[in-house]
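See structure below.
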Amino acid sequence: MDGTEKVQAMWARLDRRDLLKRSAGAAALAGAGIGIPASTLAAPGTGARLDRAARQDDATTLIFGMATDVDELDPRQIDTQEGYIACANIYDCLVMYDYGATTIRPGLAESWEISPDGKEYTFKLRQGVKFHDGADFNADAVVTWFNSIKEGAPGSQYDATKMVYMKDFITTWIDAVEAVDPFTVRMRLPKPYAPLLANLAIPIGSIVSPTAIPKGLDEVAVAPAGTGPFRLEKKEDWTRESQLVLTANPDYWGGAPKVQRLIFKVVPESSTRLEQVEAGELDIAYGLSPEDVEKARENADVQVVEQAGLNTNCIELNTSKEPFTKKEVRQALNYAVNKQELSEGLYNGNMVAAGGVLPPVDWAYNPELKGYEYDPAKAQELLQAAGYNDANPLKFTLMAYTIARGYNPAGDRLATAIQEYWAEVGVQAEIQTAEWTQYRADRRANKFQASQSGWMGDNGDPDNFLDSLLAGHSAGAGNTAFYQNPQVDELLAQAQQESDQEKRKALYQQAEQIIVDDAPWVFLGYQKHQVVTRANVKDFQLQPTYIYYLAGVSKG
């Protein structure tokens, strides 16, 4: 390349970065295609009164702003991060994550023992705890809960279409739960499973009242009954697509919450969430765009709480559909994307370019992993080897979601940027968007060729990324690239049964390298975990798993 060509190439890169940043300022992150006005107002009633009253001078109310509504209030059925956040404050699990970490602390179980062969877990339960509906928490309640999620168990309510993650995270690994005495339960496993405690702390493992469960999945989804620090007093306190008003549980076993009300308010546009947190109409703003996070730094009335993110951002290439049955095509699309430029131009430098699946904060992260450098010439070479050229260009549909996610706060602007990179190597990707709920359902139903995707870690264990997203048995659940590799499956199964963490690490790193070589994803990056709060919000702590325990948060 001569000097003139170098200058032209440099300006091409600068123009693209400038374009990305300009589009960032102009683009509004739509509310998942549901047509909610930017100035969403609460419906008349109690919720509306609380919304107007709960301004910054009201220290009794904490308002948490997010882009889209909670999906369900039954933890057995939740399938969105917003649902996880709400349920983490309505319910408790047997074990919970330490504040600000992924290590485990007691929850509804005060202590536990693991048998030498790793196939029995015995939990001593907390006494004197009641569910919000007045039912007693005890061993029978735990058995009733487990049977409700276990296919074929007495009283099972298992529904594969509604309990998307139960088999992958919990019930596959536990044969049965039995009451040893009124406050002791024993879990029997078919084989050792090292991530079990970490999985039981995910909000989907929350214990539901035994008197609520018989009312059915649809009823629990709108009338929750947990043991947590906040409760839904009546159904009318949840105004769909507007706000969810929770009331403090003064008898909470962990101590009464610091505020009397917790409101989850739906504000679809990132810029509007920033405006409202600056004006004191929100106390916490979740899922802001990179540009709005940078704007927040300029305001002394708000603060940016941030840390390295336990997440991964990608484009899924459906390996069961043409043209992505060919590995050369999948590899080519990886080589075509300049991830560092993407980070700087679309995410204000807040994305760490990805080598593979696992983020740098995961304990099995491999800094020596061989990934894909930006090499458009290599991309074109691979496309030609797969039979694609100017006369026969590669064409397909790229599905995009429109709302901000923790792993991709840019929403569907990411698809536009990726489309441009691919176009430079002769690939024609047509972008289509879908409403968020339908998008997730269609992706699991194997309807997409290629799609924006990503993951925010549930439990801090590498198994939660590699097995949940890329094991063959997870196809149609977390694995929506429908990737199948028996060698990878065998390595992941070995890692699950290995108790030595260093040996587990080696197995996960071996599996990840095979996955990267197979390229079921375009591996993009790891987004910094960022939340904006009012400066007077006290003791708000980021959880690596993005669930946020809010009982101890107050307003000065």
Side-chain angles (χ1 to χ4, degrees), residues 46 50 54 58-64 70 73-76 78 83-101 104-112 123-142 144-145 182-183 185 200-213 220 223-235 237-238 244-264 283-284 537-543 545 547-556:
T46 303
L50 287 173
D58 179 6
T60 67
T61 301
L62 186 72
I63 311 179
F64 189 107
V70 172
L73 291 176
D74 181 346
R76 301 169 300 171
I78 48 177
Y84 276 45
I85 294 168
C87 284
N89 290 281
I90 297 172
Y91 298 88
D92 296 309
C93 301
L94 291 175
V95 294
M96 300 165 75
Y97 300 117
D98 282 317
Y99 295 107
I104 300 299
R105 63 182 167 100
L108 289 174
E110 291 184 315
S111 63
W112 52 91
F123 296 88
K124 292 291 184 181
L125 304 181
R126 201 175 292 277
Q127 299 186 33
V129 176
K130 285 188 175 292
F131 289 93
H132 298 155
D133 61 2
D136 291 325
F137 170 73
N138 51 33
D140 288 340
V142 177
T144 300
W145 159 78
F183 291 98
V185 294
L200 289 174
I202 301 172
I204 62 168
S206 300
I207 310 299
V208 181
S209 167
T211 57
I213 286 173
V220 178
T227 60
F230 294 94
R231 66 181 187 270
L232 183 69
E233 285 197 334
K234 54 186 181 298
K235 292 179 181 179
D237 286 342
W238 186 8
L244 168 66
V245 181
L246 302 179
T247 303
N249 175 8
D251 301 319
Y252 182 52
W253 60 264
K258 297 292 182 64
V259 295
Q260 294 176 18
R261 288 177 297 272
L262 171 61
I263 299 177
F264 293 103
D283 298 303
I284 300 170
V537 171
K538 306 299 181 185
D539 298 319
F540 173 77
Q541 196 161 19
L542 296 179
Q543 286 296 126
T545 58
I547 58 174
Y548 317 120
Y549 299 117
L550 299 173
V553 179
S554 63
K555 291 160 66 172

- Message: Against the six-membered ring of Tyr99, is Arg105 placed for a cation-pi contact (under 6.0 Å from the centre, within 45° of the normal)?
- Response: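 The answer is yes, since Arg105 meets both limits relative to Tyr99.
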With a 4.5 Å heavy-atom cut-off, do [X] and [Y] have their side chains touching?
X	Y	value
Tyr97	Gln543	yes
Arg126	Thr227	no
Ile104	Asp98	no
Cys87	Ile78	yes
Phe230	Thr247	no
Trp253	Leu108	yes
Met96	Tyr549	yes
Leu125	Val185	yes

Separation of [Y] [atom2] from [X] [atom1] (nearest 0.5 Å):
X	Y	atom1	atom2	answer
Ile90	Asn249	CD1	CG	11.5 Å
Ile263	Ile63	CD1	CD1	4.5 Å
Ile207	Phe137	CD1	CZ	6.0 Å
Leu244	Leu262	CG	CG	7.5 Å
Ile213	Thr144	CD1	OG1	6.0 Å
Leu62	Leu550	CG	CG	6.0 Å

Check: [X] side chain, [Y] main-chain N or O, donor-acceptor pair, under 3.5 Å:
X	Y	value
Arg231	Ala248	yes
Lys555	Thr61	yes
Trp238	Leu246	no

If I compare all heavy atoms of [X] with all of [Y], which pair ends up nearest, and what's the gap?
X	Y	result
Ile547	Asn89	O-ND2, 4.3 Å
Lys538	Gly556	CG-N, 4.0 Å
Val259	Thr60	CB-O, 3.3 Å
Pro203	Cys93	CA-SG, 4.3 Å
Pro210	Phe131	CD-CE1, 3.5 Å
Phe123	Ala109	CD2-CB, 3.8 Å

- Query: Applying the side chain to side chain contact (heavy atoms under 4.5 Å, CB included) test to Tyr548, which of Val553, Ile85, Ile284 qualifies?
  - Reply: Ile85
- Task: Any chance you could lay out the side-chain contact (heavy atoms from CB on, under 4.5 Å) test for Val245 and Phe264, step after step, and finish with the verdict?
- Result: CA-CA 7 Å; Val245 181; Phe264 293 103; over 6 Å; no
- Between Asp74 and Tyr91, a side-chain donor and acceptor under 3.5 Å: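 Tyr91 and Asp74 do not have a side-chain donor-acceptor pair below 3.5 Å.
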- Query: Taking NZ, NE, NH1 and NH2 as the nitrogens, is one of them in Asp58 or Arg261 under 4.0 Å from a carboxylate oxygen of the other?
  - Reply: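 Looking at Arg261 together with Asp58, the answer is yes, because their closest N to O distance falls below 4.0 Å.
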- Would you call Lys130 and Asp136 a salt bridge, taking side-chain N to carboxylate O under 4.0 Å as the test?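 Looking at Asp136 together with Lys130, the answer is yes, because their closest N to O distance falls below 4.0 Å.
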- Task: Quick one: do Val129 and Tyr252 satisfy side-chain contact (heavy atoms from CB on, under 4.5 Å)? Show the steps, please.
- Result: CA-CA 8 Å; Val129 176; Tyr252 182 52; over 6 Å; no
